[in-house]
Amino acid sequence: MTRTLSLSALLLLGACTVGPNYAGPPATATDAVTRGNFVRATDPAFTPAPGLARWWEGLNDPLLTRLVDDALAHSPTIDQALARVREAQAQLSQQRASLKPSASANATVLAAELPPFQPGSDATSVQFYNVGANASWELDLFGGGRRQIEQTRATGDARIADLADVQVSLSAGVAQAYVALRDVQARIGLSDATTRLQQQQLALTRQRLAAGTASQLSVERLQTQLENTQAQAIPLAAQRDEYLNQLAVLTGRTPGALDATLSAVVPVPLPPAQVAVGDPAALIARRPDVRAAERQLAAGTAAIGVAKARELPGIRFLGLLGLGGTSPGSVFDLGNLTALAAPSLSWSFLDFGKNRAATRVSEAQRDQADATYRKTVLDALQDAETALSRFGNTRAQLGQLVQAQATAARATALNRQRVAAGTTTLIDQLDVERQQLSATSAVTQARAQLTQSYIAVNKALGLGWTDPVSVDAGRSAATATPPRSSR
């Protein structure tokens, strides 16, 4: 009866789990969630529908889509994040196994030469043979092991969220570099056109100087403008090379590998007419850094239980089984069986507060994780609201600049009529055309800024990731394909 009661008591203790149970993340930004929409999403281009995961396809640029897919399939940054996910999964398996009994087998052959016991007697040779097994099992009395599994599982979920965050950053980084490249390529072309117009103006002014109808000051002024334009064009080539190198590395290639592929000048891709942004609640649920912070909070909560369990007693069961003797055949004789089973109790009841202090450390770390989660949510909402505001204002700015470009085009056409009528000079016409090129350059840069704002919106919304199983499968398929050319 006593043995039965003792076993029942142990089972009841084993069902106990110390430490707080995780009740989910704290309520944060409840006003935004209740409101159901973003404050800065006032532009008519925004719709409350959920955004697309592969948002870059909305730019309708097949080459950009291919570059993003290449980056997600071949970037070492993704490989690093995937390896961390696999590491966390292995650690979880390790923690689960630690709660189960362990056993090991051993075999021993011992030969000894003993000195004579009496003077004049011979030395004695002894051989000993033994095979056996050892077993041990630590009873998870207060649930410290189970809390350790909770902590490891939550940490593994955080690593999965980190992988998604890497995907979001990588897809946005490729798109940003691609748009910047197309913008600088267009500006190089416009700078070359401006240089040609200024050279024509300078040549005509020098002709007028020779004829006595222009001053040396006019020549020097145009020469200065030309030299400034040529000087401003030099950094553009360096920027172009920088973006080419960046895109190559982001897609897992060496710098210069994409030069031929991206040499053709094409317009900057523009965002779709309607941009799906969803709502704050969807942002909090979807954005990877918020999910990672929430999982770290869950891990920190479980860590308190792990620390509390170390303050309490622990019981380990030890077992020994062996067969042996002085001859090889003795290991098969059950009469030589030796068996031992013993429970072992350990309890650091006098540690001068060391374990209790460790629990307080875990509680403080959990509080830090709680604050980090709330800050991450607020930062995410700030990112989204700022990106939405910037997109709307950039779209309005682009509209104004397009009107200015149209006005400059009309002025060029009207001045061309005056040149034909002989009421103004060709030099004046070239100056008007230069102003039109300047207006076109402003529009080109504004288009690029609008697309960059669109990219920032999708990044702030946490779009651009897929589940790790799909990522791993896609990268395995990519590894099985022949090496890529630079195209």
Side-chain angles (χ1 to χ4, degrees), residues 43 45 55-56 58-65 67-68 172-201 225-226 228-247 258-259 261-273 275 387 389-413 415-416 429-458:
D43 193 282
W55 54 265
W56 53 87
L59 294 172
N60 292 318
D61 190 316
L63 182 52
L64 171 59
T65 298
L67 290 173
V68 174
V174 171
Q176 288 167 342
Y178 181 83
V179 170
L181 172 66
R182 294 313 189 192
D183 175 40
V184 77
Q185 286 177 327
R187 284 191 285 140
I188 288 174
L190 290 170
S191 179
D192 291 342
T194 301
T195 297
R196 288 192 295 271
L197 285 176
Q198 290 177 336
Q199 288 172 338
Q200 293 177 40
Q201 282 183 294
Q225 290 180 351
L226 173 61
N228 284 333
T229 300
Q230 291 173 330
Q232 292 170 2
I234 294 174
L236 295 178
Q239 292 178 28
R240 177 197 59 202
D241 294 343
E242 178 184 351
Y243 295 131
L244 285 170
N245 293 338
Q246 184 177 354
L247 285 168
L258 290 174
D259 288 7
T261 304
L262 298 171
S263 60
V265 179
V266 299
V268 171
L270 290 175
V275 180
S389 175
R390 185 177 293 116
F391 180 89
N393 284 285
T394 303
R395 212 165 76 97
Q397 180 191 35
L398 176 60
Q400 291 293 327
L401 290 173
V402 168
Q403 292 182 15
Q405 182 188 32
T407 301
R410 290 194 298 271
T412 300
N415 199 74
R416 189 174 294 114
Q429 176 63 23
L430 292 173
D431 189 60
V432 171
E433 290 181 6
R434 184 177 58 81
Q435 293 175 15
Q436 183 183 2
L437 280 175
S438 178
T440 302
S441 179
V443 169
T444 300
Q445 293 184 58
R447 287 177 184 268
Q449 291 172 1
L450 179 65
T451 304
Q452 294 286 20
S453 298
Y454 169 76
I455 296 169
V457 165
N458 286 281

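Within a 6.0 Å radius of CZ in Arg390, no more than 12 heavy atoms belonging to other residues, nucleotides or ligands are found.
Partners of Gln452 under the side chain to side chain contact (heavy atoms under 4.5 Å, CB included) rule, at least two apart in sequence or in another chain, are Gln176, Val179, Ala180, Ile455. Asp183 meets the side chain to side chain donor-acceptor pair (under 3.5 Å) test with Arg187; sequence neighbours excluded. Every residue meeting the side chain to side chain donor-acceptor pair (under 3.5 Å) condition with Arg182, not counting sequence neighbours, appears here in chain and number order: Tyr178, Gln185.
By the 4.5 Å heavy-atom criterion applied to side chains, Leu244 and Arg240 are counted as neighbours. With a 4.5 Å cut-off on side-chain heavy atoms, Leu398 and Val443 count as touching. Side-chain atoms of Ile234 and Gln230, non-hydrogen and from C-beta on, never get closer than 4.5 Å to each other. Between Leu63 and Leu262 the shortest side-chain heavy-atom distance falls below 4.5 Å.
Note that OG1 of Thr440 is 12.0 Å distant from CD of Gln435, once rounded to the nearest 0.5 Å. The CG atom of Asn228 sits 11.0 Å away from the OG1 atom of Thr195 when rounded to the nearest 0.5 Å. Between the CG atom of Leu181 and the CG atom of Asp241 there is a distance of 9.5 Å, given to the nearest 0.5 Å. Here Gln403 contributes atom CD and Gln400 contributes atom CD; the two are 5.0 Å apart, rounded to the nearest 0.5 Å.
In terms of heavy atoms, Ala439 sits closest to Ala408 at CB-CB, 4.1 Å. Scanning both residues, Ala175 and Leu64, for their nearest heavy atoms gives CA-CD1, 3.8 Å. Scanning all heavy atoms of the two residues, the minimum distance from Ser441 to Leu190 falls at CA-CD1, 3.4 Å. Pairing each heavy atom of Pro272 with each of Gly58, the nearest pair is CD-O, 3.6 Å. Across Leu401 and Ala446, no two heavy atoms sit closer than the pair CD1-CB, 3.5 Å.
With no hydrogens or angles considered, a side-chain donor-acceptor pair links Thr407 and Arg410 at under 3.5 Å.
Aromatic ring pairs are classed by plane angle as parallel below 30°, tilted from 30° to 60° and perpendicular above 60°; the pair Tyr454 and Phe391 is tilted.
A donor-acceptor pair under 3.5 Å is absent between the side-chain atoms of Thr394 and the main chain of Gln449, judged by distance alone.
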